[in-house]
Amino acid sequence: MISVEGVSKSFGSLRALDGVSFEVRNGEVVGFVGLNGAGKTTTIRIAVGVLPPDSGDVLIDGYSVTREKRRASERVGWVPEIPMFERDFRALDYFAYVAGFYGYSRSEAVELGRELMSRFGLGDAVRRKLGEYSQGMRKRFALALSMIRDPPNFIFDEVLNGLDPQGIAFFRQMAAEFRRAGKAVLFSSHILSEVEEIADRVVFIHRGRIVADMSIDEIRSRVGRDQRALEEFFFKLVGVGQ
Amino acid sequence: MRAGPVLYDLRRSVLRVSTLVLLALAIVAGAGMTYLLRVSILQGGVALEDVNFMGALAVTEGRAYLVGVSFDSYGRPLEGIRVELLVMGRVVAEAVSSGEGLVVVEVSVRKLLEEAAAAPGAPVAVQPAALPVPALRLTRGSVNLTASATPEGWELPGPRGVVSFKRVSAHVLDLGVRPEAYRRSLGEAPLVYLDSTVLKTGDGRVVAVVFGFSLDGGSPRAVGQPLCYNVSRVAISAGLVAMAGGLLLEVYDPPQVPANATMACRGSLESFWGRLDLGVPEELAVGAGARLLIIGVGSPGEYEYYSGTVFTRSSRALRAVALSLSGSISVVLQVFAIAAVYLSNQLMARPRSSGELEFVLSGPVTRVDLFVCRYAAQLMAFAAMTAVFALALQVFCGALLGVSLDAESLAYVFAAAFLTMAAFLSLSYSMASSLRSGLYMAVAVAAYVVFMLFWDALMYVVGFSLGARGYQEISEFASRSVYFNPRVAGAFFAERLQTSVLGTQGVLDPLLAALSIAAWIAVPPLIAYLRFRRIPLYST
């Protein structure tokens with residue numbers, strides 16, 4: 001379970017997050033929707049422990065990402081919108097390097113790396129340098145890295161951006177699989193229709209504040225399945241014109 | 001913190017083409033320094049340190065025996081020294097010293113005479129009475145020393161800068177009733193020759209090397225092992241006779257105490273005579289350089305001996321080595337510092353600027369883990385590079401100079417290079433973790449130029465503007481200013497090396513130097529981490 005508790009963050013005079021709180025329960029896919037610059041990625045960066053909050057905290061299965069970083073991070077996987085890896089690494093070496101932080105020996109890590117990369121369609125690219133990977137490959141590789149300890153929580157940040165239809169289908173399918181496996185999944189997007197098909201619940205964020213937290217059934221009961229109506233509902237929520 | 005990622009970063013630090021090229025450059029610099037030193041030694045006529053030989057030539061029953069011992073400037077036996085006997089420039093016999101430094105060369109008198117007769121310009125017949133005393137050639141590695149024979153022993157020519165040897169003692173022992181201690185040590189050997197030398201070691205100790213052999217049954221055999229005594233701190237007592245103005249000290253039985261000799265205590269030897277106290281006249285203070293001390297007991301007998309010691313003075317050769325090491329350390333540090341700037345960029349500034357560290361941090365890693373991990377990897381890389389450099393220096397010194405650096409000198413070289421690099425790495429890594437890659441490179445290069453290239457010149461200007469006048473005053477100001485430079489460790493340990501070898505007085509205070517080194521290594525990363533723990537790691 002992922003619990004975001006009163007998280008605030010400022011960059012200089014810009015208040016990026018202001019008391020953001022919500023939860024993602026086990027076996028649930030939660031869409032995290034907001035316009036560009038609303039605070040989705042900042043929230044997620046704080047949730048995965050790569051950015052310290054000014055105040056508030058995020059608990060991963062009860063472990064604080066600020067005070068119990070190692071334990072919390074072992075329990076959450078993350079696929080960012082544009083994964084950045086050290087480009088001069090070969091993929092399998094990088095996998096072994098990251099797996100080293102989880103306590104794997106080189107040989108164990110290589111074996112696991114081959115298995116996971118093969119599972120996510122990168123079996124032919126294990127020896128290639130990461131600088132040669134396409135955006136889709138980098139996202140799959142990030143997923144493979146996130147699966148090192150098969151964590152019970154997952155966060156996908158705008159993961160469908162820039163993917164071809166096959167890639168989009170792959171990540172949607174992964175989210176559904178994770179839900180079936182009882183994992184808590186947070187799936188962010190700036191397009192409501194992208195998450196509508198897979199989310200059980202949607203959290204709306206605008207200008208660093210949570211403006212709504214509704215189940216997908218509740219949303220459908222208001223606007224039906226019409227895409228146009230869905231968009232209008234979203235814009236109305238965040239208080240901007242289409 | 002896990003060891004695996006540190007080792008990965010270490011491997012990435014070392015196994016880069018650029019790092020390997022810099023390492024090769026450092027090794028080449030070390031080799032070049034050693035080669036230049038060899039050239040200067042050979043062309044300048046400076047003999048090599050560490051090749052000392054003490055021995056005697058005995059001629060008896062148609063055979064000639066050279067028995068001796070080779071040892072270094074610390075009095076330690078040297079193995080593998082080739083000793084050749086030369087008559088009219090031709091080798092007539094040779095032997096290599098054993099693990100105990102012992103050398104026994106045997107040749108027939110007939111052969112000596114034949115070689116002498118065969119030489120160009122020799123008389124038609126050489127009489128046994130005109131037996132040539134062979135010259136000695138000592139070889140270590142690719143370098144050799146030749147001592148020519150004189151009626152009194154062997155002597156290295158003065159212009160080569162080597163202390164010349166004079167035959168100083170030749171005695172046959174006939175002690176009559178032998179003391180109990182003598183019998184315990186040497187058995188009933190009827191003839192014993194005892195020779196000794198006293199020298200000052202690189203660290204200022206005074207060492208006596210005592211060597212004895214017997215001619216029991218006509219062929220020489222070593223009596224016991226060569227003995228090395230540290231005689232630096234033992235009190236003197238009566239029992240010595242000093243020959244004023246010379247280097248010869250002889251012990252007689254009963255002892256005759258000179259009336260007006262002023263003796264400086266240099267210690268004592270535990271020998272089969274009991275304790276022998278050693279001293280030299282004040283005007284021949286041992287601290288001024290190596291001295292020769294010969295102890296003889298008994299009266300001359302019927303055997304003919306030529307004895308002597310070939311040894312070098314701890315002056316120009318060691319001075320050249322010490323100065324060269326200081327110079328080569330400085331050059332190598334300039335190369336390694338480039339590596340520090342480069343590696344800090346590759347492992348911290350560049351990935352941090354481009355957001356490549358962010359994903360690593362999403363794993364079970366804290367910021368302090370990440371910060372320390374990459375710093376530790378670079379430190380280990382520099383420790384490895386410094387060790388390779390020190391090893392290369394040792395190998396090249398052995399191959400080109402025939403000299404092995406002692407552990408203390410190597411420790412100074414390693415400490416100077418490694419601690420300086422640790423300090424400079426702390427500075428560059430701290431900047432790399434705080435600044436974006438482009439700005440980091442600009443600032444780091446500026447720091448390199450100031451601290452590594454132009455510091456002395458800058459400090460001369462600063463010293464002058466602060467009121468220092470005269471070369472001595474400004475120079476001392478510049479020397480002391482190194483406390484404010486990451487090179488403080490290099491300067492301090494190079495100074496210690498020179499103090500150890502040359503006995504010069506350093507200007508740097510050990511306590512201040514230690515504080516400065518610790519501050520340079522610890523403070524910049526601490527300050528940098530306080531910033532690193534809060535800054536965003538993604539690319540903007």
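For clarity, every value in this text was computed on a predicted model and none was experimentally measured. First the proteins, then the strands, lettered A, B, ... as listed; each starts at 1. Only this structure's heavy atoms are used, side chains among them; waters, hydrogens and symmetry mates stay out.
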- [ ] Keeping the roles fixed (side chain from A:K69, backbone from B:P364), state whether a donor-acceptor pair exists under 3.5 Å.
- [x] no
Task: B:S362 OG to A:F101 CZ distance, which is reported to the nearest 0.5 Å - done: 10.5 Å
- [ ] Can you establish whether the number of heavy atoms outside B:F484 located under 6.0 Å from its atom CZ is more than 12?
- [x] no
- [ ] Side-chain contact test, heavy atoms from C-beta onward, threshold under 4.5 Å: evaluate it for B:R533 versus A:P52 and give yes or no.
- [x] no
Task: Euclidean distance, B:R350 CZ relative to A:D88 CG, rounded to 0.5 Å - done: 5.0 Å
TODO: State the CD-CH2 distance between B:E358 and A:W78, to the nearest 0.5 angstrom.
DONE: 4.0 Å
TODO: Kindly indicate, with the supporting measurements, whether the criterion side chain to side chain contact (heavy atoms under 4.5 Å, CB included) is fulfilled by B:L361 and A:R45.
DONE: CA-CA 10 Å; B:L361 192 60; A:R45 282 193 164 114; over 6 Å; no
Task: A:A142, part contacting chain B, at a heavy-atom distance under 4.5 Å - done: both
Open item on the list: What's the separation between atom CZ in B:F359 and atom CG in A:L130, rounded to the nearest 0.5 Å?
Closed with: 10.5 Å
Task: Region of A:A96 that comes under 4.5 Å of a non-hydrogen atom in chain B - done: both
Open item on the list: Using side-chain heavy atoms (C-beta onward) and a distance below 4.5 Å, is B:V365 in contact with A:R70?
Closed with: no
Open item on the list: Given heavy-atom pairs under 4.5 angstrom as the criterion, report whether the side chain, backbone, both or neither of A:R106 touches chain B.
Closed with: side chain
- [ ] May I ask you to check whether over 12 heavy atoms, not counting those of A:R209, lie within 6.0 Å of atom CZ?
- [x] no
Open item on the list: Working to the nearest 0.5 angstrom, can you tell me the gap between A:M84 CE and B:L357 CG?
Closed with: 10.5 Å
Task: Minimum side-chain heavy-atom gap B:V360-A:F85 below 4.5 Å - done: no
Task: Non-hydrogen atoms of B:R374 and A:E86 that approach each other most closely - done: NH2-OE2, 2.7 Å
Open item on the list: Using only atom types and a distance under 3.5 Å, with no angle test, would you say the side chain of B:R367 pairs donor to acceptor with the backbone of A:V50?
Closed with: yes
Task: chain B interface, residue from A:V76, A:L51, A:V65, A:I148 that has the most non-hydrogen pairs under 4.5 Å - done: A:L51
Task: Heavy atoms from other residues, nucleotides or ligands near CD of A:E111 exceed 12 (cutoff 6.0 Å) - done: no
